[in-house]
Protein chains: 2
Amino acid sequence: MDHADELKNIGLKATLPRLKILDIFRASPDRHLSAEDIYRLVLADNTDLGLATVYRVLSQFEQTGLLKRSQFGGSKAVYELNDHERHHGHLVCTRTGDVKEFFDAGIESRLVAIAHDMGYDLADYTITLFGRARSAEANASAGAVPLRG
Amino acid sequence: MDHADELKNIGLKATLPRLKILDIFRASPDRHLSAEDIYRLVLADNTDLGLATVYRVLSQFEQTGLLKRSQFGGSKAVYELNDHERHHGHLVCTRTGDVKEFFDAGIESRLVAIAHDMGYDLADYTITLFGRARSAEANASAGAVPLRG
DNA sequence: TTTATTGCAAAACCTTTGCATGTAT
DNA sequence: ATACATGCAAAGGTTTTGCAATAAA
């Protein structure tokens, strides 16, 4: 199944802007992109499109579960591909703004329990960590799974 | 020490807008208030002030550690008194928008460890849970501490 | 051909800022 | 008296929307 069929399967016409934006996400080394990021990347790729279209496509992709939207402290939202892997937290570098991802099963089950104990059914959650990178980029894991480098 | 002295101690003149906004936070049943919320509450209290002043005061109060700022998915920021209690997570009701707070020591230490393992020193973090309230507002705790109601 | 999608420009929304006026110390 | 704070209105940044033109099905 190619990208065009993928879009049709979620009920969207396979238009150039949509295909291009999907490509951008699949090709980008940075998983977390803002509307402005995408707008610039598409233009740089010699494809002309309007910023309004970017916003509309991102919104549609989010509603169909293709993308996930987050906001990391700043004013602009960022989107990432929803690969249907485990729900993960984000670690944002306070110096560079770099975003890394992690998953911890213990935390997730604890959050479910906490919500339950407070009378709620957990529907979704976000965890955002802010930290300064230490000089040596130690990466020995003590159980948490850094999903990506 | 009264509110006026409290403001002077953090290096701010004890002006009417600042005293009023501090009062609003101390008196509000809802701990989490947006700039617009405060603007309306102050006006309703027969005190005239500009919205720009509300934003400026909130910003100053945040910088001096009197308030903490959060953003729960939506577009507008909310502020809460920083009582210097434990750093807490938020549970947002997806129906009503109500916000409850909780603290869990295990999660906090786990997050410190995760950041450390990924090469970072944890500086700050946010946890936001979204959930639907169950009919019976069960509140039996299994270890987590709902800080308030 | 029919319906969805795009682009542009305008508007909406939240927040910040310039500047003249007013106020706490 | 002096430095800081305020109000207003204007501008800023991000996101949404109306509408005529366009492209996918």
Side-chain angles (χ1 to χ4, degrees), chain A residues 2-24 32-43 45-64 66-79 97, chain B residues 2-24 32-43 45-64 66-79 97:
Chain A
D2 64 358
H3 285 181
D5 289 333
E6 205 174 332
L7 288 175
K8 289 180 202 155
N9 286 349
I10 58 178
L12 297 173
K13 287 183 182 174
T15 65
L16 209 84
R18 299 212 259 240
L19 289 167
K20 205 77 208 166
I21 289 173
L22 197 45
D23 273 358
I24 292 285
H32 302 88
L33 303 172
S34 68
E36 192 70 28
D37 290 338
I38 291 155
Y39 180 62
R40 278 202 252 274
L41 287 167
V42 175
L43 290 193
D45 207 13
N46 287 327
T47 308
D48 212 3
L49 92 173
L51 184 53
T53 299
V54 175
Y55 277 103
R56 276 188 286 235
V57 170
L58 288 176
S59 176
Q60 293 156 347
F61 282 5
E62 192 204 358
Q63 280 164 350
T64 59
L66 204 55
L67 295 178
K68 281 173 66 173
R69 189 230 276 259
S70 304
Q71 206 149 0
F72 301 140
S75 50
K76 53 177 73 165
V78 297
Y79 292 81
Chain B
D2 64 359
H3 284 182
D5 289 334
E6 205 173 330
L7 288 175
K8 290 182 202 154
N9 285 349
I10 59 179
L12 297 174
K13 287 182 182 173
T15 64
L16 207 83
R18 298 212 260 239
L19 289 167
K20 205 79 207 165
I21 289 173
L22 197 44
D23 274 356
I24 291 285
H32 303 86
L33 303 172
S34 69
E36 191 70 28
D37 291 338
I38 291 154
Y39 180 62
R40 278 202 253 274
L41 286 168
V42 175
L43 289 194
D45 207 14
N46 286 327
T47 308
D48 213 2
L49 93 173
L51 183 53
T53 299
V54 175
Y55 277 103
R56 276 187 286 236
V57 170
L58 288 176
S59 177
Q60 293 156 348
F61 281 5
E62 192 204 357
Q63 281 164 350
T64 59
L66 203 56
L67 294 179
K68 282 173 64 173
R69 189 230 277 257
S70 305
Q71 205 148 1
F72 301 140
S75 50
K76 53 178 72 167
V78 296
Y79 292 81

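Note that the structure is a prediction, hence the values are computed from the model and not measured. Letters A, B, ... mirror the listed sequences (proteins, then strands); counts begin at 1.
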Revision key, fill the gap. Tightest non-hydrogen contact, residues B/I21 and B/I38, listed as CG1-CG2, 3.9 Å

Point to revise | Contact under 4.0 Å: A/T15 side-chain N or O vs C/dT6 OP1/OP2 | key: yes

Check your understanding: Taking the side chain as C-beta and beyond, is there a heavy-atom pair between A/R40 and A/L43 under 4.5 Å?
Key -> no

Review point. Rounded to whole angstrom units, what separation is found between the CG atom of A/L49 and the P atom of D/dT22?
Key: 17 Å

Check your understanding: D/dT15 phosphate, OP1 or OP2: any side-chain N/O from A/S59 under 4.0 angstrom?
Key -> no

Exercise for review: Return the nearest nucleotide to the side chain of A/A52; candidates are D/dA24, D/dT15, C/dC8.
Suggested key: C/dC8

Point to revise | Atom pair distance, as rounded to whole Å: CG in A/L7 and P in D/dA25 | key: 9 Å

Study note, to complete from the structure: Side-chain atoms of B/K13 come closest, of C/dT5, C/dT25, D/dT6, to C/dT25

Practice item. Look at all strands and tell whether A/R56 reaches a base, only sugar-phosphate, or nothing, counting heavy atoms closer than 4.0 Å. Key: base

Check your understanding: Below 4.5 Å, heavy atoms only, C-beta onward: do B/V42 and B/V54 meet side chain to side chain?
Key -> no

Exercise for review: Find the distance B/Q63:CD to D/dA5:P and express it as a whole number of Å.
Suggested key: 12 Å

Check your understanding: Could you state the OH-P distance from A/Y39 to D/dT15, rounded to the nearest angstrom?
Key -> 14 Å

Review point. If you take all heavy atoms of B/Q60 and B/R18, which pair is closest and at what distance?
Key: OE1-NH1, 2.8 Å

Study note, to complete from the structure: The correct set of residues in residues 67-76 of chain B placing a heavy atom under 4.0 Å from DNA chain D is none

Review point. Quick one: are A/Y79 and A/E62 in side-chain contact, heavy atoms under 4.5 Å?
Key: yes

**Study point:** Gap between atoms CD and C1', on A/Q60 and C/dA4 respectively (whole Å)
**Key:** 10 Å

Study note, to complete from the structure: Nearest heavy-atom approach of B/A4 to B/L19 is N-CD2, 3.7 Å

Point to revise | Spacing between B/F61 atom CZ and C/dT15 atom P, to the nearest angstrom | key: 17 Å

Practice item. Would you indicate what A/L16 reaches in the nucleic acid, counting non-hydrogen atoms under 4.0 angstrom: base, sugar-phosphate, or nothing? Key: nothing

Practice item. Indicate the atoms forming the closest heavy-atom contact of B/R69 with B/A77, along with that distance. Key: NH1-CB, 3.4 Å

Review point. How long is the line joining CG of B/D48 and P of D/dG7, in whole Å?
Key: 7 Å

Review point. Just how far, in rounded Å, is P of C/dA4 from CG of A/L12?
Key: 12 Å

Practice item. Return no unless some side-chain N or O of A/Y55 is found under 4.0 Å from OP1 or OP2 of D/dT15. Key: yes

Study note, to complete from the structure: Which of D/dA5, D/dT6, D/dT15 is nearest the side chain of B/P17? It is D/dT6

Check your understanding: Does the side chain of A/T53 get closer than 4.0 angstrom to OP1 or OP2 of C/dG7 through an N or O atom?
Key -> yes

